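One structure is given here, and the rest of the page talks about it.
Because the structure is predicted, anything quoted here is derived from the model rather than measured. What you see below is based on every heavy atom in this structure, not just the backbone, and it leaves out hydrogens, waters and symmetry mates. Below, chain A is the first sequence line, B the second, and so on; all start at residue 1.
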2 protein chains.
Amino acid sequence: MATLKQVAAHAEVSVQTVSNALNAPHRLRAATLQRVTRSIELLNYRPNRNARSLRTSAVELIGYCVPSWPNGQAHLVMDQFLHALCASAESSGRHILLFTAPVGVEGMPVYEDLHARRLVDGFVLSQTETHDPRHGWLKEQLIPFVSFGRVWKESTQPGPWVDVDGAGGCAAAVRHLHETGRRRIGFLSWPKTSGLAEDRLSGWQTSCRELGLPSNHELAFRCQEDTIDAGARGTAELLDADPGIDAIVAISDILALGALRELTRRGLTAGVDIAVTGFDDSPLASVVSPALTSIRQPMDQIATELIDILTAPAPAGSTERLLQPELVVRGSSAPG
Amino acid sequence: MATLKQVAAHAEVSVQTVSNALNAPHRLRAATLQRVTRSIELLNYRPNRNARSLRTSAVELIGYCVPSWPNGQAHLVMDQFLHALCASAESSGRHILLFTAPVGVEGMPVYEDLHARRLVDGFVLSQTETHDPRHGWLKEQLIPFVSFGRVWKESTQPGPWVDVDGAGGCAAAVRHLHETGRRRIGFLSWPKTSGLAEDRLSGWQTSCRELGLPSNHELAFRCQEDTIDAGARGTAELLDADPGIDAIVAISDILALGALRELTRRGLTAGVDIAVTGFDDSPLASVVSPALTSIRQPMDQIATELIDILTAPAPAGSTERLLQPELVVRGSSAPG
DNA sequence: CGGGTGCGTTTGAACGTTAAAACGCCGGTC
DNA sequence: GACCGGCGTTTTAACGTTCAAACGCACCCG
């Protein structure tokens, strides 16, 4: 492995000149630059990142805690997110360092340690929970971070975040269903304790009101868990309570899959008799039949914004960016 | 941030003594060790990893290329794998560094670069493809790596690997179905080009023969893609070709889900009329109804072996470890 | 009592890089 | 011709750690 020293010797210049050739080429005379560049290529030189980091005290690594849900719940779009995050990081010369940590405040020593040992410059948080303690803690420790997802039920948002407008997404779904002739739209949700759920539900509710559609609470059902079974049962409840329902907006693809199953069981055809939409546009959405209309989170954009905020020179107060999801229309809400 | 120097000053010893207190405590007199330890704790000292790595030229970071499948196919168990991999790495003081790279040989410069710049010590490969060029290339460059998954269709295995015995898993499924009274077991597979598919299919075939069950090729259907639809169509083909089939072993959970759907469509009950098993025990398996019997890859063990091989002092030739998956029995193959 | 032998500790040097300051040279100005 | 300013390059020092060697001391042995 070639070092600066060896390149310098080969190009017959000082070590610092080679360093400048890489970091501040404008300082060199054209002839020198060319000579050094040639030596660099000839020796296949690559800067040693550790030495550089030691000197500059910046490691260009961003920590991300790989989530694990004990109940074996699916992260159906996590690979998309990770890929986008990596790509964005790389486009600014950075990388993602994965780690595990206990959820909640017990995990904070892990974050502190990674930062103190200089393994990472900062963190990207996700799987933000209601009253998530991490944001406040990191802010207090002056450790750079940015959150994917707002901290629900916190009066002030501690620190910068990027999030997707769940309410807007659901509203878009409702509008789409309305445009395609549906007039009685149910909502399949999660328990009230989830900020995410309340956000998305509010989008369904307000857009129904705006369009003059019913949004009474019999039309919204809260499933206790995010499973296909729960979605099917919820759908059954909705249809039993109000047989006039002609569309169902589900808060997740999994619940939507449950809805599809229940419809099939009742001899109804999804997209024809009753329209169904999901959320996240997970790989499953395009793999079922009829394919599932779903609300896609703009992963590339999310990742770009996250990295952008985290690596911006001055945090300049709390940066907050709400991105719009995209409705992907498929057979389960076929026009008609 | 405290440094060795500051701790040394506080404990009134030399810098090297503090270093020894951490890396070779047996060299210190008990009294000194205690004094130094106290100072370390008092100053909340954490070793700077960059400085350490610069000196020792080992970064304790392992590169993993986060896969991206263009067709949006699901990595339903990737989060499990990543979590296990991180946890294993951490238990030996290491971490996982994520990156993206083009598939095939065009991606190799990325691997080389990461290693040359000392961002990683070595690599864990997965998503091994038929004739995967990475293994041979890395071996040639003397870059440490270990592969999750064998390189199919390669006369000699270039480099160490850990893999799951797909044939053994499918054989276990067949035996389980035989024990619960099934006598005509179909197999739902992928195209012949996949080494993974041939491995698993061979397990079905040999175990059927051993048990005196039919395994003629009308009982095996190759789906063109890994989708629920394809699984449903494949199941229809199988049942139409041989109405006597009383069980189906699917090569993936997704195909198995397709089988479940086709059974429902035909008014058959999975687990009662026809048993179904999947592969991978993805989060979906426990979330459908009837819940899906599936073959679970031992992720924790896989990860442990991977890290173990990669960080073992001397590679000592090609290390190869074939692990046994575990059959998780659920309703879709209910006894009787 | 001189000369090993260990043990615990310190000293000196090095890992490869970059920031800051110093240097030498050239052309222009007074 | 002495002085200045700018440019391109080199020198010096430092980042925080560990390795290897040296050191001081107590102990044991002949």
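Across all strands shown, A:Val15 has heavy atoms under 4.0 Å from base atoms, whether or not it also approaches the sugar-phosphate. Contacts of A:Asn23 with the nucleic acid, taken as non-hydrogen atoms under 4.0 Å apart, involve only primed sugar atoms and P, OP1 or OP2. B:Leu4 comes within contact range of at least one nucleobase, with a heavy-atom separation under 4.0 Å.
For the OP1/OP2 pair of C:dC15 and a distance below 4.0 Å, the side-chain nitrogens and oxygens of B:Ser57 include no atom meeting the criterion. The phosphate of C:dG16 (OP1 or OP2) has no side-chain N or O of A:Thr3 nearer than 4.0 angstrom. The phosphate of D:dT18 (OP1 or OP2) has no side-chain N or O of B:Asn20 nearer than 4.0 angstrom. Contact check, B:Arg29 against C:dT9: a side-chain N or O comes under 4.0 Å of OP1 or OP2. Side-chain N/O atoms of B:Arg52 include one lying less than 4.0 angstrom from OP1 or OP2 on D:dT18. Between A:Thr17 and D:dT10, a side-chain N or O to OP1/OP2 separation shorter than 4.0 Å is present.
Following rounding to the nearest Å, A:Asn50 (CG) and D:dA14 (P) show an atom-to-atom distance of 22 Å. Straight-line distance from the NE2 atom of B:His26 to the P atom of C:dT9: 12 Å, rounded to whole Å. As a whole-Å value, the separation of B:Leu54 CG from D:dC15 P is 14 Å. In this structure, B:Lys5 places its NZ atom 13 Å from P of C:dT11, rounding to the nearest Å. Straight-line distance from the CG atom of B:Leu22 to the C1' atom of D:dT17: 11 Å, rounded to whole Å.
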Would you check, one step at a time, whether the test side-chain hydrogen bond (donor to acceptor under 3.5 Å, both in side chains) holds for B:Ser92 with B:Thr311? CA-CA 9 Å; B:Ser92 73; B:Thr311 62; 5.0 Å; no

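Expressed to the nearest 0.5 Å, how far CZ of A:Arg55 lies from CG of A:Asn50 amounts to 15.5 Å.
Summary of the strand contacts: A:Ala2 and B:Glu12 both lie near DNA chain C, and taking for each the nucleotide with the nearest heavy atom, the more 5' one is attributed to B:Glu12. Looking at which nucleotide of DNA chain C each of B:Arg27 and A:Met1 is closest to, the 5′-most match is held by B:Arg27.
One finds no salt bridge joining A:Arg150 and A:Glu320 here, because no Lys/Arg side-chain nitrogen approaches an Asp/Glu carboxylate oxygen to under 4.0 Å.
Using bins of under 30°, 30° to 60° and over 60° for the plane-to-plane angle, the ring pair A:His135/A:Phe145 lands in the perpendicular bin.
Residues A:Ser14 and A:Thr17 have side chains that bring a donor and an acceptor to within less than 3.5 angstrom of each other.
Taking only distance into account, the side chain of B:Arg55 meets the base of D:dT18 through a donor-acceptor pair shorter than 3.5 Å.
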